[in-house]
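To start, the structure under review is shown below, and the notes come after it.
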Amino acid sequence: MKATGIVRRIDELGRVVIPKEIRRTLRIKDGDPLEIFTDRDELMLKKYSPIATLEKFSEGTTKSLNDLSGYLAVICDTDEVLYAAGDGRKEFAKKRVSDELCRIMKDRRSYIANLAEGGDIVPLTADTEVDVTAQIIVPIVAGGDCLGAVSLVSLEEGAKMENGAIKLCRLTADILANQFE
């Protein structure tokens, strides 16, 4: 754990204010759920990720999606890539999602782009340069809240996402969303 040097007092209702700079750095917004952990005399707050609670299920789902589609499969929450399966997965795993991907998730609309047809490829992560040639991004929406996204990505030149891959990606997002309803 990294010390910030910031000290805050707890008020009479047991509340403590998380400084704005820390909220901005960790992408914590008003209304975001936080998970509370304790270990002896330590207290830790962590941004809650419902998708991460389905760890084994989400990991297996990513592998199956890769096997069935033949594309690099990615599942992320609203902050980072949780799982990636397929060639190039190491470039995505555990990386922070890009601002562009955050906007797609916020809009709750699927996004499909093929570079061969002049589409605009959206970077999935903020700090990775990968030559993606085609992609599908489908937000995972449960109870009106966006929990993350499922994505299929091709790194092959001239690739085009076919209709079957799009349906498979949408089905996967629906299955994950149904785990929370």
For this session: Could you please spell out the steps behind the side chain to side chain contact (heavy atoms under 4.5 Å, CB included) verdict for V97 and T78?
Result: CA-CA 7 Å; V97 298; T78 56; over 6 Å; no
For this session: Test F92 against L124 for side chain to side chain contact (heavy atoms under 4.5 Å, CB included), laying out the working first.
Result: CA-CA 8 Å; F92 294 97; L124 297 183; 3.9 Å; yes
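- Residues meeting the side-chain hydrogen bond (donor to acceptor under 3.5 Å, both in side chains) test with D30, sequence neighbours left out: none.
- Between the side chain of N178 and the backbone N or O of D174, at least one donor-acceptor pair lies under 3.5 Å.
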For this session: Test side chain to side chain contact (heavy atoms under 4.5 Å, CB included) on L176 and S58 and set out the steps.
Result: CA-CA 8 Å; L176 287 167; S58 296; 3.9 Å; yes
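- From L171, atom CG reaches atom CG of L65 across 9.0 Å, with rounding to the nearest 0.5 Å.
- Summarising the geometry, atom CG belonging to D87 is positioned 8.0 Å from atom CG belonging to L72; distances are rounded to the nearest 0.5 Å.
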Exercise. Side chain to side chain contact (heavy atoms under 4.5 Å, CB included) between E80 and K94: does it pass, once the steps are laid out?
Worked result: CA-CA 6 Å; E80 71 177 2; K94 301 298 178 193; 4.2 Å; yes
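- R96 contributes atom CZ, which lies 12.5 Å from atom CG of L101 (distance to the nearest 0.5 angstrom).
- K167 NZ: 12 or fewer foreign heavy atoms inside a 6.0 Å radius.
- Within 6.0 Å of atom CG in D120, 12 or fewer heavy atoms from other residues, nucleotides or ligands are found, so the atom counts as exposed in its surroundings.
- By the 6.0 Å contact criterion, CZ on R109 is open, its count of non-hydrogen atoms from other residues, nucleotides or ligands being 12 or less.
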Contacts table for residues 146-154: side-chain donor-acceptor under 3.5 angstrom, sequence neighbours left out:
| from | atom 1 | to | atom 2 | distance (Å) |
| --- | --- | --- | --- | --- |
| S151 | OG | I136 | O | 2.8 |
| S154 | OG | E156 | N | 3.2 |

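- Atom-to-atom distance recorded for S110:OG and I104:CD1 is 9.5 Å, nearest 0.5 angstrom.
- Residues L43 and I36 have side chains in contact (heavy-atom distance under 4.5 Å, counting atoms from C-beta outward).
- Side-chain contact between I121 and Y111 is absent, with no heavy-atom pair separated by less than 4.5 Å.
- In this structure, the side chain of S98 engages the main chain of P123 through a donor-acceptor pair within 3.5 Å.
- In this structure a side-chain-to-backbone donor-acceptor pair under 3.5 Å is missing from Q135 to I112.
- Not a single donor-acceptor pair under 3.5 Å links the side chain of R24 to the backbone N or O of E21.
- With sequence neighbours left out, the side-chain hydrogen bond (donor to acceptor under 3.5 Å, both in side chains) criterion links Y71 to E162.
- Taking all atoms of both residues into account, the shortest heavy-atom contact from E100 to V122 is CB-CG1, 3.4 Å.
- Scanning all heavy atoms of the two residues, the minimum distance from L115 to G119 falls at CD1-O, 3.7 Å.
- Taking OG1 from T125 and NZ from K95, the interatomic distance works out to 6.0 Å, rounded to the nearest 0.5 Å.
- Shortest non-hydrogen contact noted between V81 and C76 is CA-CB, 3.7 Å.
- Heavy-atom minimum distance, A116 versus A159: CB-O, 4.2 Å.
- Shortest non-hydrogen contact noted between A84 and A93 is CB-N, 4.5 Å.
- Using a 4.5 Å heavy-atom cutoff, the side chains of T61 and I75 are in contact.
- Note on V130 and I137: same hydrophobic cluster, where clusters join Ile, Leu, Val, Met, Phe, Trp and Tyr whose side-chain heavy atoms are under 4.5 Å apart, directly or indirectly.
- If you chain together ILVMFWY residues whose side-chain heavy atoms come under 4.5 Å of each other, V7 ends up in a group of its own.
- Taking CZ of F57 as the start and CD of Q179 as the end, the distance is 4.5 Å to the nearest 0.5 Å.
- Between the side chain of R170 and the backbone N or O of V138, no donor-acceptor pair lies under 3.5 Å.
- Residues that satisfy the side-chain hydrogen bond (donor to acceptor under 3.5 Å, both in side chains) test with D32, not counting sequence neighbours, are K47.
- K29 NZ: more than 12 foreign heavy atoms inside a 6.0 Å radius.
- Looking at residues two or more places apart in sequence or on another chain, you find a side-chain hydrogen bond (donor to acceptor under 3.5 Å, both in side chains) between K160 and E117.
- Both the sub-6.0 Å distance and the 45° axial angle are not jointly satisfied by K63 relative to the ring of Y83.
- At a threshold of 4.5 Å between non-hydrogen side-chain atoms, the residues L155 and V132 count as touching.
- For the pair I6 and I22, the minimum side-chain heavy-atom distance is below 4.5 Å.
- Although no hydrogens or angles enter the test, the distance criterion places a donor-acceptor pair under 3.5 Å between the side chain of D11 and the main chain of L13.
- Taken together through direct or relayed side-chain contacts under 4.5 Å among Ile, Leu, Val, Met, Phe, Trp and Tyr, I166 and I175 form part of one hydrophobic cluster.
- At least one donor-acceptor pair closer than 3.5 Å links the side chain of N114 to the backbone N or O of M161.
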